[in-house]
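A quick write-up on the structure given underneath.
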Amino acid sequence: MVSVLVDADGCPVVDLTISVAKKFDLKVTLLCDTAHYMQREGADTIMVSKGADAVDFVLVNRVKKGDIVVTQDYGLAAMVLAKQGFAIDQNGRWYTSENIDQLLDSRHMSKKIRQAGGRLKGPRKRQKEDNEKFERSFTELCKVAVKD
């Protein structure tokens, strides 16, 4: 059975994910650290110790082939893809074998710029349209995952 795992620390689409997953009768598990603990009706919560990438390691160890992971972390998404899971970000972009290398490279370059003292523009404020786009894309991903 397909499960949905959410990298819930700072995730703006937790409630929307639960709502859509419910339509497909998919189990949702929220993973968060002690600084971001949350509980939502319709989802299980796993709390892990606070620490760099602590949630990511627990999540990737739980993901199985065909599971869906909601995350904005490219590194975690790459590990999910390696385990033959599906990964989607909070804006509805599917991580795929076709785009993950470029995304990881972009993240690496941004880190180098910041380490050199450079500044990068942050993400724009989330809009209602962003949630609508995520909902459409996540619904399609659920259909694909359930069919596989």
Side-chain angles (χ1 to χ4, degrees), residues 1-21 23-24 26-33 35-36 38 43-148:
M1 181 179 163
V2 174
S3 292
V4 178
L5 300 133
V6 181
D7 180 4
D9 291 346
C11 181
V13 292
V14 169
D15 294 328
L16 199 49
T17 299
I18 295 167
S19 173
V20 171
K23 295 174 187 173
F24 292 90
L26 299 176
K27 179 183 178 190
V28 177
T29 303
L30 309 176
L31 291 98
C32 54
D33 68 26
H36 299 98
M38 67 176 65
D44 294 331
T45 299
I46 296 174
M47 183 175 58
V48 301
S49 299
K50 192 173 167 187
D53 301 322
V55 168
D56 298 350
F57 292 125
V58 171
L59 193 153
V60 82
N61 283 320
R62 295 183 70 86
V63 72
K64 298 178 308 301
K65 179 180 179 180
D67 284 348
I68 302 170
V69 174
V70 179
T71 184
Q72 52 190 326
D73 184 311
Y74 301 159
L76 176 56
M79 291 186 280
V80 168
L81 293 176
K83 292 188 79 173
Q84 299 181 332
F86 297 98
I88 185 171
D89 75 7
Q90 74 278 2
N91 296 318
R93 174 179 49 203
W94 295 15
Y95 297 103
T96 66
S97 58
E98 287 79 31
N99 69 10
I100 196 66
D101 287 339
Q102 187 259 332
L103 292 168
L104 288 167
D105 188 50
S106 167
R107 179 181 79 163
H108 177 71
M109 293 305 294
S110 295
K111 183 177 180 181
K112 286 177 78 169
I113 291 168
R114 285 191 303 276
Q115 286 176 334
R119 296 181 59 98
L120 299 169
K121 189 175 179 184
R124 65 177 173 72
K125 185 173 184 202
R126 190 160 184 85
Q127 305 292 317
K128 179 181 176 190
E129 296 80 31
D130 297 320
N131 288 340
E132 292 166 353
K133 182 178 174 186
F134 172 81
E135 183 175 15
R136 284 191 305 272
S137 185
F138 183 58
T139 298
E140 286 306 310
L141 183 53
C142 289
K143 288 177 186 175
V144 169
V146 169
K147 190 171 23 171
D148 276 359

Practice problem: For side-chain contact (heavy atoms from CB on, under 4.5 Å), just list the numbers for Val146 and Leu26, CA-CA rounded to whole Å, side-chain angles, deciding distance to a tenth of an Å, and then say yes or no. | Solution: CA-CA 9 Å; Val146 169; Leu26 299 176; 4.0 Å; yes

Quiz prompt | Full working for side-chain contact (heavy atoms from CB on, under 4.5 Å) between Val70 and Phe138 | solution = CA-CA 9 Å; Val70 179; Phe138 183 58; 4.2 Å; yes

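For the pair Met1 and Lys64, the tightest heavy-atom approach, listed with the atom from each and the gap, is O-NZ, 4.4 Å. Summarising the geometry of Val20 relative to Cys142, their closest heavy-atom pair is CG1-SG, 4.3 Å, with the distance given to 0.1 Å. For Val55 against Cys32, the heavy-atom pair with the smallest separation is CG2-C, 3.6 Å. Nearest heavy atom pair, residue Leu16 against residue Asn131, reads CD2-O, 3.3 Å. The two residues Ser137 and Trp94 make their nearest non-hydrogen contact at OG-NE1, 2.8 Å. Val2 and Ala145 get closest at one heavy-atom pair: CG2-O, 3.5 Å.
A distance-only check finds a donor-acceptor pair linking the side chain of Asp67 to the backbone of Ser3 [under 3.5 Å]. A donor-acceptor pair is defined here as one N or O able to donate and one able to accept, closer than 3.5 Å; no such pair exists between the side chain of Thr29 and the backbone of Asp44. Side-chain atoms of Thr139 come within 3.5 Å of backbone N or O of Glu135 as a donor-acceptor pair. Judged by distance alone, with hydrogens and angles left aside, the side-chain atoms of Asp9 form a donor-acceptor pair with the main-chain N or O of Asp33 at under 3.5 Å.
In this structure, Leu76 CG and Asp89 CG are separated by 12.0 Å, a value rounded to the nearest 0.5 Å. Rounding to the nearest 0.5 Å gives a distance of 11.5 Å between CG of Asp130 and NZ of Lys125. With rounding to the nearest 0.5 angstrom, the CE atom of Met47 is 11.5 Å from the CG atom of Leu31. Glu129 contributes atom CD, which lies 12.0 Å from atom CG of Asn91 (distance to the nearest 0.5 angstrom). The line from CG of Asp56 to CE of Met79 is 5.5 Å long, rounded to the nearest 0.5 Å. Once rounded to the nearest 0.5 Å, the distance linking CZ of Phe134 with CD1 of Ile88 reads 5.0 Å.
For the pair Val69 and Tyr95, the minimum side-chain heavy-atom distance is 4.5 Å or more. Taking the side chain as every heavy atom from C-beta outward, Val13 and Arg126 approach each other to under 4.5 Å.
Atom NZ of Lys133 sits in a sparse spot, with 12 or fewer heavy atoms from other residues, nucleotides or ligands closer than 6.0 Å. For Arg93, the CZ atom is densely surrounded, since the number of other residues' heavy atoms within 6.0 Å is greater than 12.
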